[in-house]
Amino acid sequence: SSGINAEYGEKGEDLKFDILEGSLKHVHNHGWTETALRHAIKELDLSEASIKMFKLGGAEIALHYDQSLNDQLEDMMAQQKDDLAPDAEPVPIADFLQDAIKTSLELQLPYYDRWAEALALCIDPNVAPKATSQFAHLIDDIWFYAGDKSTDFNWYTRRATVAAVYGLTELFMLQDTSPGYSETWAFLNRRVTDLAALGENRVELEKQLESAGGLMKATFIIARNMLGQK
Amino acid sequence: MNDAMSLGMHRLWKDSFVTRADPQPGFRCLDVAGGTGDIAFRIARHMSNISKDHGPVTICDINPEMLRVGRARAERDGTADQFVWVEGNAEPLDFPASSFDLYTIAYGIRNCTHIDRVLAEAHRVLKPGGRFMCLEFSEVVQPVLTSVYEKYSFDVIPVLGHLVAGDMESYQYLVESIRKFPKQEEFADMIVNAGFSVVEYENLTFGVTSIHSGYKL
């Protein structure tokens, strides 16, 4: 019997951003937690009452960080597009996808000590919608810059296939101990190659896609299990 | 606040209000127009559950009788040292700027002549990052309930008031003051105009009561 309305006023958004940014340096020591938020709030000379602005608690730091990585990737892809000579050969889609996914995953490295925990937080039903929507936008961006103009696929199948490859590779990387994550990039290469091969057979692809839906949830659950949490 | 009027629900609403506020032991809290202590006692209890080592809750009310009642309750409960009782107006507030983490006002603001000035004063005394919270009667949002509620409020409440307290006029005034008070969105706009950010409201019991919240940023 309650209704909660949307937020009023934009000035608060700027300060929320500053608090989330300020929390990042505390994540190594404290994880994606309210403790990290509290440190940032104190450093900004604000009352601790302001922590209640963050309804999802420390998970909001993870969401904020995840979004900043996606923004970074988009900037890089846009820059690369601008740098291309007008008459240059377009990068083959498979190559582009592989490069974009690798770059995106490498952007996670500065906070990799806490990344599995960030993924595990996404299982929470309150956090999942935002996490999933951010991830979906990331995949859409990658496809946009891949420049695929084929009409064989419909929009949803493209998004699901790349999401599946990204998710599997992200999981693989979490337990990869090879130098420079060379095993992960080899794994990624095989998945993208599978994808290209699948593309030729539409019926096969659609069968594969039925399981792609549950993939992201599986990614989060495995990350959580790796952390030994419930 | 009367049980007959809210069918006892006011206790639940006040519980929700303080739970949402989630005051921490280190907070300096100011409760305005709550002389009998309903909110302040809940705030103190909430803080005590986290740590016995917490600061006093300041209560400001213009009515010395209400303060007397509240003080007596605290003495009886043995919690007198957790409260500071101040007789004073909601505007202007006799406190220095930027001195509180949490400002609460429950079922008091609708009786203030200049709501915008009360909000401005709340903004002044809060620290940067501090939170304003208001618990107040509001507009019932469910259309079927609206007509039932209207009938109830205009026909039943004053009669109950007469039966319970022998005072129909006060209850008629009460119902009128609820009617005149701005609706949820309009009140939220007033809070934004007073300088608060991240302003939102939450309806309880289909909007019979609403919790408004904003931060001084």
Side-chain angles (χ1 to χ4, degrees), chain A residues 1-26 30-64 67-68 121 124-127 129-130, chain B residues 9 12-13 16 19-29 98-104 126-133 138-142 145 183-185 187-217:
Chain A
S1 68
S2 77
I4 302 181
N5 80 325
E7 298 184 350
Y8 287 76
E10 285 95 43
K11 198 175 17 151
E13 297 303 331
D14 292 339
L15 206 56
K16 280 177 83 170
F17 183 94
D18 289 344
I19 293 170
L20 290 167
E21 273 291 297
S23 302
L24 282 174
K25 60 182 169 308
H26 299 287
H30 301 290
W32 315 93
T33 61
E34 294 212 325
T35 307
L37 284 172
R38 236 172 260 127
H39 275 104
I41 285 169
K42 236 178 258 172
E43 280 159 11
L44 288 163
D45 282 321
L46 295 169
S47 162
E48 272 190 40
S50 56
I51 204 171
K52 298 300 275 189
M53 290 195 292
F54 302 97
K55 300 238 178 36
L56 301 174
E60 295 210 29
I61 311 174
L63 288 170
H64 165 86
Q67 185 57 51
S68 74
L121 283 170
D124 183 305
N126 294 311
V127 182
K130 191 83 181 33
Chain B
M9 294 207 68
L12 295 177
W13 296 331
S16 290
T19 302
R20 297 279 185 282
D22 192 16
Q24 298 299 300
F27 284 13
R28 294 206 56 212
C29 301
S98 300
S99 44
F100 294 100
D101 295 286
L102 178 69
Y103 173 116
T104 49
L126 278 169
K127 297 179 193 170
R131 190 180 188 190
F132 165 86
M133 288 188 69
S138 200
E139 187 194 32
V140 173
V141 291
Q142 231 272 13
L145 280 180
K183 301 186 170 125
Q184 285 87 326
E185 310 242 334
F187 186 48
D189 284 339
M190 293 176 78
I191 297 171
V192 172
N193 289 337
F196 290 98
S197 301
V198 190
V199 173
E200 50 189 14
Y201 66 85
E202 182 188 350
N203 286 329
L204 304 177
T205 319
F206 304 106
V208 174
T209 275
S210 190
I211 297 175
H212 279 74
S213 159
Y215 297 84
K216 173 175 174 170
L217 295 177

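It should be emphasised that the depicted structure is a prediction, and the values quoted were computed from it without experimental measurement. Chain letters run A, B, ... following the sequence lines, proteins first, then strands; residues in each count from 1.
Shown here is B/K183, whose NZ atom has no more than 12 heavy atoms of other residues, nucleotides or ligands within 6.0 Å.
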Kindly indicate, with the supporting measurements, whether the criterion side-chain contact (heavy atoms from CB on, under 4.5 Å) is fulfilled by B/E200 and A/M53. CA-CA 10 Å; B/E200 50 189 14; A/M53 290 195 292; over 6 Å; no
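To the nearest 0.5 Å, the span separating CD1 on A/I19 from CG on B/L217 amounts to 7.0 Å. Atom CG of A/L46 and atom OH of B/Y215 lie 12.0 Å apart (nearest 0.5 Å). From A/S47, atom OG reaches atom CG of B/L102 across 8.5 Å, with rounding to the nearest 0.5 Å.
For A/E48 and B/K127, the salt-bridge test fails: no basic side-chain N is under 4.0 Å from an acidic carboxylate O.
Shown here for A/K52 and B/R20, the closest heavy-atom pair between the two residues is CE-O, 3.5 Å.
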